[in-house]
**Student:** 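Questions regarding the structure given below will be posed in turn.
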Amino acid sequence: MPTTSGPRTTSQRKKKSSKKSPGLDVSVKRRFQTRLLKWYEKHGRDLPWRKTSDPYHILVSEVMLQQTQVERVIPKYHEFLDRYPSFEELADAAVSDVKKTWYPLGYNIRPERLHSIACETMERYGGRLPSDAEELLSFKGIGRYTAGAIRSFAFNEDAPILDTNVIRVLHRVFMAKGDPKTQKAKLWQLSEALIPSGKGYDFNQAIMDFGAICCTARNPSCRQCTMKSFCKTYPFDQK
DNA sequence: CTCCCGGTAC
DNA sequence: GTACCGGGAG
């Protein structure tokens, strides 16, 4: 693969969008990537599951985070891992005990599914969580978001994620029009197209922090937002 | 008190 | 489309 730019570059530059992500301006894409990663360096949260590369720990955090706020997950994440430090210990535990440890996070089907994932990982994968998307999606309890989160956070793959934070950020910055709920396919394409090569981990963590801290559902910080010069929704707030 | 929110399985 | 289960806003 040639690494130097040649005549080909010029003809590619003329196109402002690709088939993969129609309407995505290459310069806006580049600025979004750069500014997001820069913002993350300065404002990124110091969360416990960002200090580990153990896929089991990442899985536990992601299942807890599926429908529960970060602040409530943090203490339970530590407590759960103290009691069940690995897939093996979780698989060997009684489901009733796992559910007790889970309380009061809610959605109590989640500890059952987490336990079954641990059992299946021990039995079918030798205690090692697979990184393949299809295999991850075959587990009850791992959907498209969690599969992407595990692939990017536990295995450093450039896999897209789309949760409510990411939906809100991408819809505001790049789309602005229409109901985000009905444009999931396009948002998944955007989420994938925006990941800078080799930086899936940082980019995905960054966009979730950005949605949680700056591009919030209520009262977003548009005035000081690093994306405001090209955001299709700016200014959203009235403050 | 009454809504409203949210990943996944169904 | 709905249920799941808690927290938070109004």
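On a predicted model such as this, the values are computed, not experimentally measured, just so you know. Order of the sequence lines sets the chain letters (A, B, ...), proteins ahead of strands, with each chain counted from 1.
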**Student:** Whole Å only: how far is the CG atom of A/Leu65 from the P atom of C/dC5?
**Tutor:**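 Result: 19 Å.
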**Student:** Hey, does the side-chain of A/Tyr107 have a donor or acceptor N/O within less than 3.5 Å of a partner on the base of B/dG6?
**Tutor:**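 Answer is yes: a donor-acceptor pair is held.
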**Student:** Indicate yes or no for a side-chain donor-acceptor contact from A/Lys199 to the backbone of A/Leu37 under 3.5 Å, with no hydrogens or angles considered.
**Tutor:**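 No, the answer is negative, given that no donor and acceptor are paired below the 3.5 Å cut-off.
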**Student:** How long is the line joining CG of A/Leu114 and P of C/dC5, in whole Å?
**Tutor:**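 My rounded result for the distance is 16 Å.
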**Student:** In whole angstrom, what separates A/Tyr103's OH from C/dC4's P?
**Tutor:**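 Checked: the OH to P distance equals 17 Å.
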**Student:** For A/Leu105 and C/dG8, what is the distance between atoms CG and C1' respectively, to the nearest whole Å?
**Tutor:**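 Answer to the nearest Å: 16 Å.
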**Student:** Once you round it to whole Å, what is the distance between C1' of B/dC5 and CD of A/Gln69?
**Tutor:**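 Taking CD of A/Gln69 and C1' of B/dC5, I get 9 Å after rounding.
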**Student:** Under the 3.5 angstrom rule, does the side chain of A/Lys140 hit a backbone N or O of A/Ile117 as a donor-acceptor pair?
**Tutor:**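 No; judged by distance alone, with no hydrogens or angles, the pair does not exist.
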**Student:** Could you state the atom-to-atom distance from CZ of A/Arg168 to P of B/dC5 in whole Å?
**Tutor:**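 Whole-Å distance recorded here is 12 Å.
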**Student:** Nearest nucleotide by nearest heavy atom, which residue falls closer to the 5' end of DNA chain B, A/Ile109 or A/Lys140?
**Tutor:**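 It is A/Ile109, whose closest nucleotide lies nearer the 5' terminus.
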**Student:** So what does A/Arg113 hit on the nucleic acid, given a heavy-atom distance under 4.0 Å: a base, only sugar-phosphate, or nothing?
**Tutor:**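 Sugar-phosphate contact only.
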**Student:** Report yes or no: is the cationic atom of A/Arg172 (NZ for Lys, CZ for Arg) under 6.0 Å from the centre of the six-membered ring of A/Phe236, at an angle within 45° of the ring normal?
**Tutor:**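 Yes, A/Arg172 sits over the ring of A/Phe236.
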**Student:** On DNA chain B, compare the nucleotides closest to A/Ile142 and A/Lys181; which residue's is nearer the 5' end?
**Tutor:**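 Per heavy-atom nearest nucleotide, the more 5' residue is A/Lys181.
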**Student:** Could you give the CZ-to-P distance, from A/Arg110 to C/dA3, as a whole number of Å?
**Tutor:**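 Result: 18 Å.
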**Student:** Is A/Lys99 near enough to C/dC5 that one of its side-chain N or O atoms lies under 4.0 angstrom from OP1 or OP2?
**Tutor:**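 Negative; the distance criterion is not met.
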**Student:** Measure CE/A/Met208 against P/B/dG6 and give the value in whole Å, please.
**Tutor:**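 Whole-Å distance recorded here is 15 Å.
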**Student:** Taking A/Arg31's backbone N and O only, do any of them form a donor-acceptor pair with A/Thr34's side chain (distance below 3.5 Å, no angle check)?
**Tutor:**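 No, because the side chain of A/Thr34 does not come within donor-acceptor range (under 3.5 Å) of the backbone of A/Arg31.
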**Student:** For C/dG6, does OP1 or OP2 lie under 4.0 Å from any side-chain N or O of A/Thr68?
**Tutor:**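 The answer is no; no side-chain N or O of A/Thr68 sits under 4.0 Å from OP1 or OP2.
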**Student:** Of all heavy-atom pairs between A/Cys215 and A/Val169, which one has the smallest distance, and what is that distance?
**Tutor:**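 Heavy atoms of A/Cys215 and A/Val169 come nearest at CB-CG2, 3.9 Å.
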**Student:** Consider the side chain of A/Arg72, meaning its heavy atoms from C-beta on, and name the nucleotide among C/dA9, B/dG6, C/dG7 that approaches it most closely.
**Tutor:**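 Closest of the options to the side chain of A/Arg72: C/dG7.
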**Student:** For B/dT8, does OP1 or OP2 lie under 4.0 Å from any side-chain N or O of A/Thr146?
**Tutor:**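 Yes, because at least one side-chain N or O of A/Thr146 sits under 4.0 Å from OP1 or OP2 of B/dT8.
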